[in-house]
Engineer: 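Have a look at the structure that comes next, please.
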Amino acid sequence: MTALSDLISRQITRFGPINIAEYMTLCLLHPTLGYYTTRDPIGAKGDFVTAPEISQMFGEMLGLALAQTWQDQGAPSRFLLTELGPGRGSLMADILRATRNVTGFWDAAEIWLVEASPRFQAIQQQSLAPYRVSFVGDVSDLPAAPLFLVANEFFDALPIRQFIRDQEGWCEQMVGLDAGKLVFGLAAPIPDVTGMSKTLVPIGGIVETCLAAQSIMGEISAAIACNGGAAIVIDYGDWGSHGDTFQAVQNHQKTDPLGAPGHADLTAHVDFLALAAAASGSSASKLVEQGVLLERLGITERARMLATKLQGRALENHIAAHRRLVHPDEMGALFKAIAFHANNTPPPPGFD
Ligand code: SAH
């Protein structure tokens with residue numbers, strides 16, 4: 001079988017260097033050779049672990065926050081309970097379990113998952129087997145109804161472009177070939193790139209943009225403006241774009257992003273300022289650290305309650321999982337959360 005690296009090299013030989021967004025899209029979602037289309041990389045045996053895989057408490061807290069928001073908006077009798085890029089389906093399973101006693105919530109919820117990879121769709125179908133689940137590949141294909149949505153480590157997987165400022169303008173970072181190896185190189189400067197201000201970036205500074213994130217956020221915000229609802233987005237990143245954050249992870253280790261196309265996870269930090277700007281149709285909360293959000297939602301009381309039923313190794317693992325999710329030296333401060341909600345409605349709990 002052709003390796004993805006050969007396919008990319010051939011394309012570059014014939015048509016010239018590609019930008020990082022094109023490279024990421026090929027590596028992550030090529031129909032037969034892409035990272036997300038050929039494997040299940042999440043978990044201790046895979047390449048990386050995500051919050052819902054660390055503890056059920058993550059999904060429980062978010063599920064109850066979403067249910068409260070649904071009640072705050074008058075408990076609409078039909079709504080979309082939606083997740084973007086649900087991975088192994090654990091987050092949605094925990095959200096559903098935590099909300100089963102919220103009166104009317106399950107009856108009103110239609111579960112819609114936005115997932116590009118058929119392989120992941122099959123895994124999600126399995127982990128959510130007791131429930132009726134619908135899939136779309138893109139948020140624009142969701143039906144029109146109040147939308148209550150979560151996205152954890154979704155936006156970091158979307159393709160970014162990098163621009164480096166020089167005296168004359170912006171040089172895009174490209175992927176080309178040198179002696180048969182994939183290498184980074186700069187394109188000729190272009191004087192202006194829409195939405196990027198030269199005055200804010202020093203010569204030599206790098207700015208990352210993610211058009212896909214902006215368009216998806218725009219769609220979600222328009223849907224919320226039109227039909228009501230809220231979206232909770234959690235990811236690693238910051239307010240604004242701060243230099244080069246393009247990275248590859250394989251086997252829980254950082255690796256060369258050009259080293260093994262299709263075999264490593266490729267991500268970039270999420271620019272929450274750009275998300276908020278794209279979501280102008282709805283109201284945005286402040287950005288809050290994941291640890292702070294989970295504490296406000298009551299994760300520590302929940303952890304104590306679960307701990308009473310555990311002992312030995314299971315109890316140790318449980319305590320370590322709580323720490324991993326909330327402690328600033330672990331995921332607590334690196335990961336941030338933001339909520340978008342219908343105008344003139346309260347933000348989800350934990351976000352005010
Ligand atoms: N949210 C999960 C998984 C994160 S991995 C968790 O927290 O464990 C990223 C997920 O997004 C995978 O399910 C991947 O297949 C999906 N994905 C990546 N790019 C996508 C795109 N452009 N559209 C829809 N889904 C995408």
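Each ligand, and each atom within it, is numbered from 1 in the order the structure gives.
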Engineer: Quick test: of every protein heavy atom, which one is nearest to atom 26 (C) of ligand 1, and how far off is it to 0.1 Å?
Structural biologist: Phe154 CE1, 3.6 Å
Engineer: Closer than 4.0 Å to some heavy atom of Gly85 - which atoms of ligand 1 meet that?
Structural biologist: 1 (N), 2 (C), 3 (C), 4 (C), 10 (C), 11 (O), 13 (O), 16 (C)
Engineer: Looking at side-chain heavy atoms only, is the closest gap between Asp156 and Tyr236 below 4.5 Å?
Structural biologist: yes
Engineer: Any idea which protein heavy atom is nearest atom 7 (O) of ligand 1, and the distance to it?
Structural biologist: Asn152 ND2, 2.8 Å
Engineer: Show which atoms of ligand 1 fall inside a sub-4.0 Å distance from at least one heavy-atom site of Pro86.
Structural biologist: 2 (C)
Engineer: How long is the span from the OG atom in Ser117 to the CZ atom in Phe135, to the nearest 0.5 Å?
Structural biologist: 10.0 Å
Engineer: Of the side chain and backbone of Ile42, name the one, both, or neither that has a heavy atom under 4.0 Å from an atom of ligand 1.
Structural biologist: side chain
Engineer: Classify the contact between Ser90 and ligand 1 as side chain, backbone, both or neither, using a heavy-atom distance cut-off of under 4.0 Å.
Structural biologist: neither
Engineer: Which protein non-hydrogen atom lies closest to atom 25 (N) of ligand 1, naming both residue and atom, and how far is it?
Structural biologist: Ala116 N, 3.2 Å
Engineer: In terms of residue, atom name and distance, what is the protein heavy atom nearest to atom 19 (N) of ligand 1?
Structural biologist: Leu29 CD1, 3.9 Å
Engineer: Have a look at Glu53, Glu83, Gln121, Glu115 and point out the one with the heavy atom closest to atom 17 (N) of ligand 1.
Structural biologist: Glu115
Engineer: Closer than 4.0 Å to some heavy atom of Gly87 - which atoms of ligand 1 meet that?
Structural biologist: 2 (C), 3 (C), 13 (O)
Engineer: Heavy atom to atom 22 (N) of ligand 1, shortest distance: which of Thr50, Val136, Asp265, Leu158 holds it?
Structural biologist: Leu158
Engineer: Please identify which atoms of ligand 1 are closer than 4.0 Å to at least one heavy atom of Pro52.
Structural biologist: 6 (C), 7 (O), 8 (O)
Engineer: Among all protein heavy atoms, pick the one closest to atom 9 (C) of ligand 1 and tell me residue, atom and distance.
Structural biologist: Glu153 O, 3.6 Å
Engineer: Does one side chain, of Glu110 or Trp112, offer a donor that lies under 3.5 Å from an acceptor on the other?
Structural biologist: yes
Engineer: CD1 of Ile299 to OG of Ser55: how many Å apart, nearest 0.5 Å?
Structural biologist: 6.0 Å
Engineer: Let me see the working for Ile216 and Leu84 under side-chain contact (heavy atoms from CB on, under 4.5 Å), right down to the final yes or no.
Structural biologist: CA-CA 10 Å; Ile216 290 170; Leu84 308 184; 4.2 Å; yes
Engineer: Taking all non-hydrogen atoms of both residues into account, name the closest pair between Pro86 and Glu115 and its distance.
Structural biologist: CD-OE1, 3.4 Å
Engineer: Considering only heavy atoms from C-beta outward, does the side chain of Asn227 approach that of Leu147 to under 4.5 Å?
Structural biologist: no
Engineer: What I want to check is whether the side chains of Gln162 and Glu172 have a donor and an acceptor closer together than 3.5 Å.
Structural biologist: no
Engineer: Find out whether Arg302 and Gln56 are in side-chain contact, i.e. whether some heavy atom of one side chain is under 4.5 Å from a heavy atom of the other.
Structural biologist: yes
